[in-house]
Protein chains: 2
Amino acid sequence: MPKQITEMLKGTLEGIVLAILAGRAAYGYEITAWLRDQGFTDIAEGTIYALLVRIEQRGLVDVEKVPSEKGPPRKVYTLNAAGRAYLDDFWGTWSFLAERLEQLRNEGK
Amino acid sequence: MPKQITEMLKGTLEGIVLAILAGRAAYGYEITAWLRDQGFTDIAEGTIYALLVRIEQRGLVDVEKVPSEKGPPRKVYTLNAAGRAYLDDFWGTWSFLAERLEQLRNEGK
DNA sequence: ACTGGTAGATAGTAACGCTGAGTACCGGAT
DNA sequence: ATCCGGTACTCAGCGTTACTATCTACCAGT
């Protein structure tokens with residue numbers, strides 16, 4: 001039985017990462033660690049890096065390479081104007097979905 | 001730009017349909033119409049029928065063919081015990097995700 | 001020299017929703 | 001009688017996304 005969270009993350013994981021970047025600039029490894037901390041234990045590192053590449057190519061974030069003291073250089077991502085607009089859309093879509101779901105759950109008692 | 005809702009529905013649409021069936025037995029065409037009524041205007045008919053085939057093959061629902069007065073016979077789906085258990089899991093996963101998202105949204109103010 | 005933590009990249013796979021087309025049944029309008 | 005629209009379901013092919021697994025690279029401590 002495949003984990004339900006895997007499919008549920010499709011589309012929302014992107015919003016989650018953008019929401020994180022809305023609060024502060026961050027790099028991949030850091031984001032992965034933070035997500036694990038929050039209970040998203042199954043999220044693979046590769047998933048985050050691939051996602052970051054995608055949102056960069058869509059022009060939702062700006063990137064800066066910053067040397068690290070303990071390892072290869074970090075790619076620090078910052079949400080730009082297009083990213084903020086996209087995040088607003090995301091919250092709108094999410095609200096719509098969450099409201100319908102909550103309604104369904106209450107109907108089912 | 002592909003609609004965000006399309007990706008976000010992955011995983012959740014299944015839960016939505018199971019939640020509908022938890023309230024009452026229903027058939028595909030009826031479910032599609034209900035979803036459109038609720039604002040899910042972009043959900044294709046084919047998507048629902050494919051989803052119903054999947055949950056039937058996983059043994060989450062029981063099926064009965066019922067003749068219709070105005071068209072081909074309906075396939076009426078009923079949630080069974082396995083389906084109810086799976087739906088419980090779904091709500092658990094959904095709650096986890098919704099809580100994290102709500103927290104992120106509040107942090108972003 | 002080796003291990004472990006830090007940091008990122010990538011090829012291949014599976015799941016899911018969408019598109020677009022098709023089949024079939026029925027009633028009313030032309 | 002014929003056509004059209006509403007009902008009801010099916011199917012092949014596609015694009016997007018997350019997962020798996022593996023790889024490279026840098027540095028500190030043992």
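Chain A is the first sequence line, chain B the second, and so forth, proteins listed ahead of strands; every chain is numbered from 1.
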Q: Using the side chain to side chain contact (heavy atoms under 4.5 Å, CB included) rule, pick out the option among Asp42(A), Thr47(A), Ile48(A) that qualifies with Leu35(A).
A: Ile48(A)
Q.
Heavy-atom nearest nucleotide on DNA chain D for Leu51(A) versus Gly28(B): which residue maps closer to 5'?
A. Gly28(B)
Q | First of Ala44(A) and Gly71(A) reached from the 5' end of DNA chain D, by closest nucleotide | A | Ala44(A)
To the nearest Å, give me how far apart [atom1] ([X]) and [atom2] ([N]) are.
X	N	atom1	atom2	result
Met8(B)	dA18(D)	CE	P	11 Å
Glu56(B)	dC9(D)	CD	P	12 Å
Glu7(B)	dA18(D)	CD	C1'	10 Å
Lys3(B)	dG15(D)	NZ	P	18 Å
Arg54(A)	dT10(C)	CZ	P	14 Å
Ile48(A)	dT20(D)	CD1	P	13 Å
Arg36(B)	dC18(C)	CZ	C1'	12 Å
Glu45(B)	dT19(C)	CD	P	13 Å

Q. Is Gly11(B) touching bases, backbone alone, or none of the nucleic acid, heavy atoms closer than 4.0 Å?
A. sugar-phosphate
Q.
Under 4.0 Å, counting only non-hydrogen atoms across every strand here, what does Leu52(A) touch: a base, just sugar-phosphate, or nothing?
A. nothing
Look at [X] and [N] and indicate whether a side-chain polar atom (N or O) is within less than 4.0 Å of OP1 or OP2.
X	N	value
Tyr27(B)	dA8(D)	yes
Lys75(B)	dT10(D)	yes
Lys10(B)	dC18(C)	no
Ser68(B)	dA8(D)	yes
Tyr49(A)	dG8(C)	yes
Arg74(B)	dT7(D)	no
Thr6(B)	dG17(C)	no

Among [options], which is the nearest nucleotide to the side chain of [X]?
X	options	value
Tyr29(B)	dT6(C), dG6(D), dA14(C)	dG6(D)
Arg58(B)	dA25(D), dC16(C), dA24(C)	dC16(C)
Leu9(B)	dG17(C), dC9(D), dT17(D)	dG17(C)

Q: Grab the two heavy atoms, one from Ser95(B) and one from Arg105(A), that are nearest each other, plus how far apart they are.
A: OG-NH1, 2.9 Å
Q. Got a sec, which residues hit salt bridge (Lys or Arg N to Asp or Glu O under 4.0 Å) with Glu64(A), two or more places apart in sequence or on another chain?
A. none
Q. Would Glu56(B) and Lys75(B) pass as an ion pair if we require N to O under 4.0 Å?
A. yes
Q: Kindly work out whether a path of hydrophobic side-chain contacts (I/L/V/M/F/W/Y, heavy atoms less than 4.5 Å apart) joins Leu60(A) to Ile5(B).
A: yes
(Q) Side chains of Trp91(B) and Leu87(B), heavy atoms from C-beta outward: is any pair under 4.5 Å? (A) yes
